[in-house]
Amino acid sequence: MLGYIGVVVALAVGLLAFLIGRYGVFPTWEFAVFAVLAVGQLLAGDVVVERRVVLSFSSIVLLAGQAILGPAGAGLLGLGMGAFEGRSVPLRARVFNAAEVAIFSGLGGLAFLVAGGTADPAQLQDTSDIVFRLALPLLLADIVQFLANVLLLAGVVRVAQGVPVSVQVRTLVGSTGAAYIGYGIIAFLLVVLWRPAELGPVAVLLVLGPLLVAQWAYRQHAEELTGQGRALQVLVAAVEAKAPHLTGHSTRVAELSGHMAQHLGLRPQMVSDTRVAGMLHDLGQTSLPTALVRSGDPAADSFSTYPARGADLLRGLSFLAGALPAIEGHHTALDADDHPALPARIVGVADAYDLLTEVGTPDGLVLRRDEAIEILRGRPHVDAELLQALEASLARRIGEEVSR
């Protein structure tokens, strides 16, 4: 991890030295205004929904800065924003963030100039000039900034957690790619109003003011999701109170299910639904007699009904609708005569593996990892792809535990 951070820091220092030497840095009142914007963004923070950033002023500020401040100014602005992002970030993470943001900001500014971009009003005389010398170069800068950010993040996750770069890139592109397009459009409007329209800092009020309202609305939504997460924890606690031997089981299955869904390339919403299904897959056991649940006898006739009972308990909650099929079908997904849906098979594999290696078999045996995988290999709907996803997720879990 430290080696990778060292490489990123060296790249940042080299890039900034080149940009300053080639393009120069002139501390102007415009840089001061952008610094104030950066501080405001750091104080306000990003809005995060379902573990993904959905509204961030930082990307808009950095992208607009690439056109107005130049690549060296944008790189230095990014260096400061990355260094002070987060109030309780460990030192090594803070150093990595500073270097990472400096790199993709500087590269974005460089791409803007290489594409012939300019924000000089004297050189933007008509619509075609604005399109070809501002809009398209800014779009290229947006793409370069996004890709550099994704690759650097995927690299650090690969080193820390063992997640393949291709998997992480696919996840980040799917979850944040559309947002970056929106950031690019907003940054373009900010630059046009700032320079060609010659409104200067007033453009900030016209463009970013409405976004403050949108950010407030997203923040309310994020708080709602936090409340939903707490409700899920209450449901899990009810299962563990009924079946103490399952303490921690739901959390582990949820983690494995989410990682497997990610590895298999499911869409972000399906990954979220699969993770929730792993969390709540045993909820139906709360409707069974306590003696039966604590005996853990899967051969009992009524025991096989608990997945459907769990889905029925949750059916009125609209935010859990996507997770219900996997909750209801996970118990028989690995042995069903028909071909069950992938999320149900994922939860079924994660559940079976954790029962074999953590909770124990009905006769009290706790198996080794390789023994459990060999047993799963013999189940009808557990193919090589599912087992590969399971093994990758287990490796990721080990990487996360080591990095803590």
Side-chain angles (χ1 to χ4, degrees), residues 7-42 57-85 94-125 129-130 132-149 152 183-184 186-204 207:
V7 171
V8 173
V9 169
L11 288 174
V13 171
L15 178 63
L16 288 176
F18 166 75
L19 294 176
I20 292 172
R22 176 67 177 82
Y23 300 101
V25 175
F26 303 97
T28 64
W29 65 270
E30 290 178 319
F31 188 91
V33 172
F34 271 85
V36 171
L37 289 177
V39 171
Q41 161 61 23
L42 293 174
F57 285 175
S58 60
S59 297
I60 300 170
V61 171
L62 290 172
L63 190 57
Q66 290 162 16
I68 295 175
L69 304 176
L76 290 174
L77 183 68
L79 181 70
M81 292 185 71
F84 294 100
E85 187 174 17
R94 193 178 297 278
V95 170
F96 171 79
N97 289 342
E100 179 211 9
V101 182
I103 289 174
F104 70 67
S105 300
L107 288 177
L110 186 60
F112 178 79
L113 291 184
V114 169
T118 179
D120 184 358
Q123 299 185 46
L124 299 172
Q125 298 296 323
D129 285 340
I130 292 177
F132 292 104
R133 304 206 61 191
L134 180 58
L136 293 181
L138 200 59
L139 174 61
L140 177 62
D142 191 16
I143 294 172
V144 169
Q145 173 176 303
F146 173 65
L147 292 179
N149 186 19
L152 290 169
Y183 297 152
I186 296 169
F188 169 71
L189 294 175
L190 178 56
V191 174
V192 168
L193 292 175
W194 187 299
R195 280 284 180 82
E198 300 182 342
L199 294 180
V202 176
V204 174
V207 174

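Computed from heavy atoms alone, side chains included, the values below leave out hydrogens, waters and symmetry copies.
The minimum heavy-atom distance linking V101 with G82 is given by the pair CG2-CA, 3.9 Å. When all heavy atoms of A72 and G24 are compared, the pair lying nearest together is CB-O, 3.7 Å. Taking all atoms of both residues into account, the shortest heavy-atom contact from A197 to L193 is CB-O, 3.5 Å. Nearest heavy-atom pair, A67 versus A119, reported as atom, atom and distance to 0.1 Å: O-CB, 3.6 Å. The heavy-atom pair separating G109 from P71 by the smallest distance is C-CB, 3.6 Å. Of all heavy-atom pairs spanning S105 and A74, the tightest one is CB-O, 3.4 Å.
Here CG of L15 is found 12.0 Å from CZ of F104. Values are rounded to the nearest 0.5 Å. Rounding to the nearest 0.5 angstrom, the gap separating the CG atom in L134 from the CD atom in Q123 is 11.5 Å. Here L138 contributes atom CG and L189 contributes atom CG; the two are 10.0 Å apart, rounded to the nearest 0.5 Å. For the atom pair OH of Y23 and CG of L110, the computed distance is 5.0 Å after rounding to the nearest 0.5 Å. L63 contributes atom CG, which lies 10.0 Å from atom CD1 of I68 (distance to the nearest 0.5 angstrom).
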CA sep, side-chain torsions, deciding dist, call: V61, L77, side chain to side chain contact (heavy atoms under 4.5 Å, CB included): CA-CA 9 Å; V61 171; L77 183 68; 4.0 Å; yes
Worked verdict on Q145 versus L107 for side chain to side chain contact (heavy atoms under 4.5 Å, CB included): CA-CA 7 Å; Q145 173 176 303; L107 288 177; over 6 Å; no
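With contacts defined as side-chain heavy-atom distances shorter than 4.5 Å, the pair L37/I60 does not qualify. The shortest side-chain heavy-atom distance between D142 and F112 does not fall under the 4.5 Å cut-off. For the pair V39/F84, no side-chain contact is recorded, criterion being any heavy-atom separation below 4.5 Å from C-beta on. Looking at L136 and L140, their side chains never come closer than 4.5 Å, going by heavy atoms from C-beta outward. The side-chain heavy atoms of W29 and P201, taken from C-beta on, include a pair separated by under 4.5 Å.
Checked by atom type and distance alone, the side chain of R195 never pairs as donor or acceptor with a backbone atom of P121 at under 3.5 Å.
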